Every structure is written in C-alpha cells, then in structure tokens.
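Encoded as structure tokens, the structure appears first; notes follow it.
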2 protein chains.
Amino acid sequence: MGLTMTRAAAASAPDFDLPRFFPYRVAVLAERVSQAISQVYLDRFDLSRAEWRVVAALGCNEKMAAKDIGPYSALDKMQVSRAVARLEQEGLIRRVGDKADGRAKIISLTPAGRTLYQRIVPLTLAREAYLLEALEPNEREILSRAMDRLLARAESLIERG
Amino acid sequence: MGLTMTRAAAASAPDFDLPRFFPYRVAVLAERVSQAISQVYLDRFDLSRAEWRVVAALGCNEKMAAKDIGPYSALDKMQVSRAVARLEQEGLIRRVGDKADGRAKIISLTPAGRTLYQRIVPLTLAREAYLLEALEPNEREILSRAMDRLLARAESLIERG
DNA sequence: TATTGTTATACTCTATAACTATA
DNA sequence: TATAGTTATAGAGTATAACAATA
C-alpha cells in the first residue's frame, strides 16, 4: 500500500505505483466483493444492487419513508425511487401514504418481499463469513475501525473539493 | 462489521444489518474514496477513471502492450481500447506496432502525457496520504494484508459461482 | 420557500459478441 | 485454432434538473 510514502524521488519521478495505490486497491477489492455478492442477489434473484439494498434496508427496518432509505443504504433519491418502483411492480414492497406527512410514503416489504429477503440473507452472510475467515478476530476489528476512519476522511476530502 | 456472526436468530430473522455488512461497507468506502480521488483526475484534468488508470500504468511502466495494461490496471480489454483511443486523440499517448508481434501495439506516454501524469500523481498521493493518516503504521500493515487476503477470497468466490 | 418524491433527458458505462489481422 | 485488438450494439446505470404535491 503506498503506505510508506517514501518520496525518494522528486516531482519528476514521484514514488507512485498503481498496484499499491490505496484508492486503486480499495476500488478493485470492492468491485470483486460486489461481484461475489451479486452472484446471489442478481444472478439468482434478479435484483439490481440498488433493489437489493432497498430490500435489505426494509428487511432490517420494517417500515421506512423513501427519504430515510437513501441515507441508510447509500443510494440517492432517484436510485431509491426507481428501485422502489420496480420492487412494487414485482410485488415485493408496498407503499402507503403517511398520514403525518402527505408528501411521504411509508414503504414496507410484502410477505413475498420478506420471504425473498429471508432467502437471500443467509446466502450473503455465508459469503461474507467466507471472506472474513481470512482474518483473525483482532484483524477484523482493526479493519472495521480503519474502514470507519477512512470513510470519514474520504468524505471530508469530498466536501472540501 | 457483521464480524461477530452471532446467528442468535434462525432463518426467520437472521442477524443481518446492512450498515455492518462488510460487502456494503467496502462498496461505500470505495465509492467515497473514488469520488475523493476523481476530483483530481476527472474534475481538474478531465480523465475518466479508465483513462487515469491507463495513464498511471504507463507512468509506472514506460512501454506496455494493451494486453498487459488490462491485468495491470484491472480493466478489461474494451475499457483499455476505448481509453487508449481517447488518450491518443488527446495526444497523451502514442502507439507503435510491435515488430516482434504484428498484432500487438506498444503504447507509451507522449511528453504531454508524462507531464500530465507528473501533475496528477502528487495530488493523488497527497490525498492518499491524508486518508492513511487516519491509521497507525501497524494498522496500515494489517489493512494491507487484509485487503490482499479478502481480494483472493472474493476472487475464489467469483470463480466457483 | 423548502421538502418529498417522480419524471425527463442525456450521458456514461457495461456486457456480449462479432469482427480483423496476425500467429 | 488461438490471440491482440477494434468495433457494434444494446442494456444498465448515472447525473442534472425540471416538476407536482405538500409542508
């Protein structure tokens, strides 16, 4: 990981090595992990990644307004809107108007949606467990904390431009 | 991180929590890191991610055949082909036929391409360094090894389907 | 005037495969 | 028959913004 940052060379030949560049490595890792997991929700159950995230969010939370699904699942409001529209067509979720706020719609899984969720979850958890078996418990803890800190730093970089 | 894997509940309510699900977390992290880095190569220098990777590969390697750029930069041959075509139009790379293999074309940066590379690299390294400042040296080492192992496991999951 | 959610549009990316030229 | 690389095409995903309804 370009971790040592030994800038032996000056601007004319900076110490840059793509395969060790952290942003590259995390992109490749995430892409491969996503492929491995999407074999479950996409290939076997024909859900897009956004649709799977919405199902997962509702599986964890029972009832949510669309505006809360976005922040919970790292999707923007259009991705949520489109995913929710398709999931409703497929009979996997239902929407009812919120009495408290006429603009909002409360979204929840139908029984079919919950059954789907319950089928997918064990398969994805098994794959996650297989991935994490590569690590010792203390390594997992360090990884988890590292990811939280890196995410916070990435977000502060994005903010400042 | 769904790391503890305490499956207290049975299939009817598996211990699934999207925000702690490792594949979700690594996807979100990679996306945010990519946004933070693409502010450099995309917003300031108008390169797509694939184009930046090709420039970076050639910055690290001087001369490469297209077939070697793909594996080096985690791009498929079409992504390489398109990126290379645009970079050539922009005068950032050049292609010459390989005398040893009439099918292959040897690709290298032009002086303009190398100048661009040398401008981008310090900026991306600075952002990488900022991200990694969040971690102690030993944490970086553990993270680096963890990423290698997780990648290998993800690839073996993909292979077996 | 701001927020919730949908729709429209254009653009980019991706995936598959057909195609050429060489080997 | 296989490989290096390009091109074609269609589908999926993305970004921006306009829009309607409600607050």
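Naming: A, B, ... by sequence-line order, numbering from 1 per chain. Please read all numbers here as calculations on a predicted model, not as lab measurements.
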Atom pair distance, as rounded to whole Å: [atom1] in [X] and [atom2] in [N]:
{"X": "A/Glu31", "N": "D/dG13", "atom1": "CD", "atom2": "P", "value": "15 Å"}
{"X": "A/Ile93", "N": "C/dG5", "atom1": "CD1", "atom2": "C1'", "value": "13 Å"}
{"X": "A/Leu42", "N": "C/dT14", "atom1": "CG", "atom2": "P", "value": "15 Å"}
{"X": "A/Leu75", "N": "D/dA12", "atom1": "CG", "atom2": "P", "value": "18 Å"}
{"X": "A/Ile69", "N": "C/dG5", "atom1": "CD1", "atom2": "C1'", "value": "12 Å"}
{"X": "B/Lys67", "N": "C/dA23", "atom1": "NZ", "atom2": "P", "value": "12 Å"}
{"X": "B/Met64", "N": "D/dA4", "atom1": "CE", "atom2": "P", "value": "14 Å"}
{"X": "B/Glu88", "N": "D/dT6", "atom1": "CD", "atom2": "P", "value": "9 Å"}

Ranking C/dG5, D/dT6, D/dA4 by distance to the side chain of B/Ala104, first place goes to D/dA4
Selection from C/dT6, C/dC13, C/dG5 that lies nearest to any side-chain heavy atom of B/Ser48 | C/dC13
Partners meeting ring pair (Phe, Tyr, Trp, His ring centres under 6.0 Å) with A/Tyr41 (sequence neighbours left out) |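 Ring pair (Phe, Tyr, Trp, His ring centres under 6.0 Å) list for A/Tyr41, sorted by chain: A/Trp52.
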Measuring from B/Leu131:CG to B/Ile37:CD1, what's the distance to the nearest 0.5 Å?
-> 6.0 Å
What distance separates B/Leu143 CG from A/Glu139 CD, expressed to the nearest 0.5 Å?
-> 11.0 Å
Distance only, no hydrogens: is a donor on one side chain within 3.5 Å (strictly under) of an acceptor on the other, for B/Arg20 and A/Ser144?
-> no
With a cut-off of 6.0 Å (strictly less than), are more than 12 heavy atoms of other residues, nucleotides or ligands near CZ of A/Arg119?
-> no
Report yes if at least one side-chain N or O of B/Ser81 is closer than 4.0 Å to OP1 or OP2 of D/dT6; otherwise report no.
-> yes
N/O donor-acceptor pairs under 3.5 Å from side chains in residues 86-94 of chain A, not counting sequence neighbours:
unit_1	atom_1	unit_2	atom_2	d
A/Arg86	NH1	A/Asp46	O	3.4
A/Arg86	NH1	A/Glu51	OE1	2.7
A/Arg86	NH1	A/Glu51	OE2	3.2
A/Arg86	NH2	A/Asp46	OD2	3.2
A/Glu88	OE1	A/Arg95	NE	3.1
A/Glu88	OE1	A/Arg95	NH2	2.5

Under 4.0 Å protein heavy-atom contact, by nucleotide of nucleotides 14-23 of chain D - B base, S sugar-phosphate only | SBBB---BBS
For the residue pair B/Gly161 and A/Gln39, what are the closest heavy atoms and their distance?
->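 Heavy atoms of B/Gly161 and A/Gln39 come nearest at C-OE1, 3.1 Å.
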